[in-house]
Amino acid sequence: MSTQPGPPTAHPHRPHRPRILTGDTPTHTGLHLGHFVGSLENRLRLQDEYDCYFLIANVHAFTTLADKPELVRANTIGIVKDWLAVGLDPEKSTFVLQSEVPAIAELTFLFAMLLPFNKVMRNPTLKTEIDSKGLGDSYSFGFPMYAVGQCADILAFRPELVPVGEDQEAHIEMCRDVALKFNQMYCAVGNRVPAEEHAKAGTPGASGVFPVPKAKIGRVARLVGLDGVQKMSKSLGNAIFLYDSEKDVQKKVNKIVTGRASSTSPIDPKNTLVQYIDAFLPGERAEQIKADYASGKEVMDGHVKAELAAAINAIIDPMRKRREKLESPEGEARVIEVIRRGVKKANVVAEETLLMTKRAMRIEFGERRLDFPG
Ligand code: TRP
């Protein structure tokens, strides 16, 4: 047997699997196909190869829902159900509840000093959110602060990869800035050391604390909604949800407008149906259908839509079934149990990171231990 360190293998208990962190904010529940191809699918695939941490950003939910604690709580439980239903596996991965990991809050304050205020305020993801949520200029101090908090969410787990949707890229970039600056300022990593080498760089005994994590964007960065215009989104009413019934999926797919004059007319290659064929049918089959459409031979949209709906139903059928099972008192109890176990595991890693961080910053004066009984 080789003892050479190789690429990560699909062994769930391999001790040194590289880490991943990603998360969702429980401002709403209700996952749809856009979430699936944009991020969930990556998480599912990567959870065998990587040591995964999936974070429920329930503290961040208060940036826009400060007056609705019950809703945030219900959504928190809803998100965990969603994840379990999709197939994220708490036996392989760790579910992290942000509010119960104190190191994240502590790191947020420390990292806030490494980011120029005006740079945070120029973060394009924050700006878009201020517009789309109509926050005007009355948002709380905590709202832009969440972007700093997200750096702490990530770095607390020292991951290599952060699988996210494309809207989160600006946040990951800020997180990379924090890691680079921290390593240079407190860990003697030279200014010219490339980001990938930070974790190993530095003089002996003063190596970089943080690997500089990379964003990993999903296979389909922006899935168009059923309206063919906007991005798929719950609030726009153009989504196919992961728990829609088989019939609803078929009905929704049937409504896609192809805009063809007849069954032999060409189809616009940017049409929603074509985009979904690419996203959800196997590659070869997708190419064949597109070639048929282009060749001018007769293609019945109804047949293509039936095939597409069947493919989508094949993806979501097991999710729908698992979700139904979770809608019970036992399901609820399972969720609480998963959260508690995740909190314990997450705090071990996050506390270790906090200790390293405090040592590097020379603010550590004796080890602090958090005990989580049960
Ligand atoms: N801001 C992310 C969103 O709303 C959720 C999130 C919080 C996150 N912390 C994170 C994502 C850390 C990735 C990594 O979708």
Side-chain angles (χ1 to χ4, degrees), residues 19-32 34-40 42-43 46-47 50-65 72 75-76 78-80 82-83 86 88 93-101 103-105 107-108 111-112 120 123-130 132-133 135 139 142-179 210-218 221-223 231-235 342 346 349-350 353:
R19 287 199 195 122
I20 276 183
L21 179 125
T22 187
D24 294 319
T25 311
T27 41
H28 54 80
T29 56
L31 297 173
H32 53 62
H35 295 124
F36 182 72
V37 288
S39 166
L40 291 167
N42 262 339
R43 299 183 197 180
L46 297 170
Q47 68 176 347
Y50 287 82
D51 184 13
C52 293
Y53 293 81
F54 301 126
L55 175 114
I56 308 131
N58 64 332
V59 175
H60 292 187
F62 283 82
T63 57
T64 54
L65 295 174
V72 175
N75 286 347
T76 297
I79 292 251
V80 175
D82 283 348
W83 287 356
V86 165
L88 299 187
S93 305
T94 306
F95 290 15
V96 183
L97 186 64
Q98 194 180 43
S99 61
E100 297 288 11
V101 182
I104 292 176
L107 290 169
T108 301
F111 292 158
V120 176
N123 176 311
T125 301
L126 290 182
K127 285 195 161 180
T128 308
E129 262 180 288
I130 290 169
S132 68
K133 296 182 177 164
L135 303 179
Y139 52 81
F143 176 74
M145 188 73 173
Y146 102 72
V148 184
Q150 185 154 338
C151 301
D153 294 338
I154 298 169
L155 294 178
F157 297 90
R158 286 170 279 134
E160 286 181 14
L161 275 189
V162 188
V164 281
E166 128 190 273
D167 62 317
Q168 297 291 306
E169 259 181 315
H171 289 337
I172 312 307
E173 206 43 50
M174 254 180 54
C175 175
R176 289 170 58 85
D177 283 349
V178 168
F210 294 108
V212 184
K214 284 205 186 98
K216 184 174 174 65
I217 308 297
R222 181 186 180 278
L223 185 71
K231 174 175 153 172
M232 188 175 280
S233 142
K234 182 179 184 175
S235 56
V349 180
T353 305

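Any value given below was found using the heavy atoms of this structure, including those in side chains, with hydrogens, waters and symmetry copies removed. Numbering of ligands and ligand atoms starts at 1, following listing order. Here the structure is a predicted model, which is why all the values come from computation and not from measurement.
Contact check for L46 versus K216: side-chain heavy atoms found under the 4.5 Å cut-off. Residues L126 and Y146 meet the side-chain proximity criterion, which asks for heavy atoms closer than 4.5 Å. In this structure the side chain of L88 reaches within 4.5 angstrom of the side chain of F95, judged on heavy atoms. Using a 4.5 Å heavy-atom cutoff, the side chains of I172 and I154 are in contact.
Atom 9 (N) of ligand 1 has as its closest protein heavy atom D153 OD2, 2.7 Å. Ranking the protein heavy atoms by distance from atom 4 (O) of ligand 1 puts T25 OG1, 3.0 Å first. At the top of the distance list for atom 2 (C) of ligand 1, counting protein heavy atoms only, stands Q168 OE1, 3.2 Å. At the shortest separation from atom 1 (N) of ligand 1 among protein heavy atoms lies Q150 OE1, 2.8 Å.
The heavy atom nearest to atom 13 (C) of ligand 1, considering only G23, G165, P26, A147, is found in G23.
Distances below 4.0 Å separate heavy atoms of L21 from the following atoms of ligand 1: 12 (C), 14 (C). For ligand 1 and V164, the ligand atoms under 4.0 Å from any heavy atom of the residue are 13 (C). Of all atoms in ligand 1, listed by their number and element, those nearer than 4.0 Å to a heavy atom of I154 are 12 (C), 14 (C). Using a 4.0 Å cut-off to heavy atoms of A57, the atoms of ligand 1 that qualify are 7 (C).
With rounding to the nearest 0.5 Å, the separation of CG in D51 from OG1 in T94 is 6.0 Å.
Checked by atom type, the side-chain pair T27/T25 shows no donor-acceptor distance below 3.5 Å.
Proximity of L55 to ligand 1, defined as any heavy-atom pair under 4.0 Å, is confined to the side chain (atoms from C-beta onward).
R176 places a side-chain N or O within 3.5 Å of a backbone atom of P213 that can act as its donor or acceptor partner.
H35 and H32 have parallel rings, their planes meeting at less than 30° on a 0 to 90° scale where 60° marks the start of perpendicular.
Ligand 1 has no nitrogen or oxygen under 3.5 angstrom from a nitrogen or oxygen of T22.
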